[in-house]
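Note that ligands are numbered from 1 as they come in the structure, with each ligand's atoms numbered from 1 the same way.
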Amino acid sequence: MTGRARTGVLISGRGSNMKALIEAARGRDFPAEIALVLSDKPQAAGLEAARAAGVAVEALDTRGFAGKPEFEAAVTAALAAADIELICLAGFMRILSAAFVERWRGRILNIHPSLLPDLKGLHTHERALAEARAEHGCTVHFVTADLDAGPIVAQARVPVLRDDDPDRLAARVLVEEHRIYPQALDAVARAVRAARNAIG
Ligand code: GRF
């Protein structure tokens, strides 16, 4: 298929969601291609997996930059060099500046391990258990300047079971993350591509 939306995946760690996106994008009719995987951690396991899958990778160690503006300028340059039009954050553990996010408005997604707007921030599985919630899950949302608060694209629920611990609950949520992130990218990439083609 021509004109697939060139997508950059930003990671900091193991990259299991990244792998799910790469796998989905192998599908003949998938409207996005994973054209770049970028990590702020040179040691991120996901980089090796991306390389092994034949995807271009870039490691930008934040310690090599004077500050956030310089780091983000390098990210922007890498995305531009790869002709990226859509970004998926997938376990990317840095908060991007409002200016960066604004430039990518409507074209930057994140996956968060909770049923947003509940449980924004970190340690969501521990908190779901501590609050004795009956349900937990994950959310794909557009990224805005407000942390974990952008418009929701997709959500999946899982039950919290009586004998759950954070790891077991996280594993059950992760299965759903790997299912809904590709679905959300499919939907958003179709919209981005349609808008691009309408503009000409
Ligand atoms: C996932 O739980 C995701 O929801 C959160 O960070 C974790 C990343 O895992 N944002 P992985 O690197 O995709 O395996």
Side-chain angles (χ1 to χ4, degrees), residues 7-26 32 34-53 55 57-62 75 86-96 100-101 104 107-131 133 135-160 164-188:
T7 301
V9 182
L10 271 54
I11 64 167
S12 299
R14 70 188 162 181
S16 71
N17 278 286
M18 172 210 79
K19 281 190 242 171
L21 295 173
I22 290 174
E23 191 54 43
R26 289 208 174 106
I34 309 305
L36 178 69
V37 169
L38 187 152
S39 176
D40 63 325
K41 298 260 183 280
Q43 305 310 326
L47 281 178
E48 204 37 64
R51 250 187 232 114
V55 177
V57 301
E58 181 97 43
L60 294 173
D61 191 339
T62 45
V75 172
L86 250 175
I87 298 176
C88 289
L89 306 183
F92 185 66
M93 299 307 286
R94 292 210 166 260
I95 296 175
L96 294 161
F100 184 96
V101 165
W104 286 91
R107 296 183 298 131
I108 177 166
L109 295 170
N110 181 42
I111 185 144
H112 181 77
S114 81
L115 295 171
L116 291 175
D118 289 350
L119 302 176
K120 296 174 182 173
L122 297 173
H123 310 302
T124 57
H125 309 303
E126 287 83 348
R127 286 156 59 206
L129 291 171
E131 294 177 16
R133 288 174 180 255
E135 266 194 330
H136 188 41
C138 52
T139 304
V140 179
H141 63 97
F142 284 108
V143 178
T144 60
D146 295 325
L147 191 67
D148 299 332
I152 290 173
V153 180
Q155 223 163 28
R157 297 170 181 276
V158 304
V160 178
D164 265 344
D165 61 22
D167 288 346
R168 268 200 292 270
L169 182 54
R172 196 174 317 117
V173 171
L174 200 60
V175 170
E176 294 303 306
E177 295 187 31
H178 297 165
R179 187 175 64 80
I180 68 168
Y181 211 175
Q183 287 177 354
L185 176 58
D186 184 313
V188 171

Colleague: Check ligand 1 for N or O atoms under 3.5 Å from a protein N or O and list each pair with its distance.
Modeller:
| from | atom 1 | to | atom 2 | distance (Å) |
| --- | --- | --- | --- | --- |
| ligand 1 | 2 (O) | Glu177 | OE1 | 3.3 |
| ligand 1 | 2 (O) | Glu177 | OE2 | 3.1 |
| ligand 1 | 4 (O) | Glu177 | OE1 | 2.8 |
| ligand 1 | 4 (O) | Glu177 | OE2 | 3.3 |
| ligand 1 | 9 (O) | Arg14 | NH2 | 3.4 |
| ligand 1 | 10 (N) | Ile111 | O | 2.9 |
| ligand 1 | 12 (O) | Gly15 | N | 2.9 |
| ligand 1 | 13 (O) | Ser16 | N | 3.3 |
| ligand 1 | 13 (O) | Asn17 | N | 2.9 |
| ligand 1 | 13 (O) | Asn17 | ND2 | 2.9 |
| ligand 1 | 14 (O) | Arg14 | NE | 2.4 |
| ligand 1 | 14 (O) | Arg14 | NH2 | 3.4 |
| ligand 1 | 14 (O) | Ser16 | N | 2.9 |
| ligand 1 | 14 (O) | Ser16 | OG | 2.5 |

Colleague: Is the closest side-chain donor-acceptor distance between His141 and His112 under 3.5 Å?
Modeller: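 No, His112 and His141 have no side-chain donor paired with an acceptor closer than 3.5 Å.
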
Colleague: Taking only residues two or more places apart in sequence, or in another chain, which ones meet Asp186 in a side chain to side chain contact (heavy atoms under 4.5 Å, CB included)?
Modeller: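 With neighbours one apart ignored, the set is Phe30, Pro31, Arg190.
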
Colleague: Within this structure, what is the CZ-CD1 distance for the pair Phe92 and Ile11, rounded to the nearest 0.5 Å?
Modeller: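 Rounded to the nearest 0.5 Å, the CZ-CD1 separation comes out at 10.0 Å.
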
Colleague: Using distance alone, with no hydrogens and no angle criterion, decide if Ser16 and His178 have a side-chain donor and acceptor under 3.5 Å apart.
Modeller: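 On atom types as modelled, these side chains qualify, holding a pair under 3.5 Å.
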
Colleague: Can a donor-acceptor pair be found, under 3.5 Å and without considering hydrogens, that links the side chain of Ser12 to the backbone of Met93?
Modeller: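 Yes, the answer is positive, given that a donor and an acceptor are paired below the 3.5 Å cut-off.
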
Colleague: Under 3.5 Å, is there a donor-acceptor pair linking the side chains of Asp40 and Thr62?
Modeller: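 No, because no side-chain N or O of Asp40 sits under 3.5 Å from a partner of the opposite role on Thr62.
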
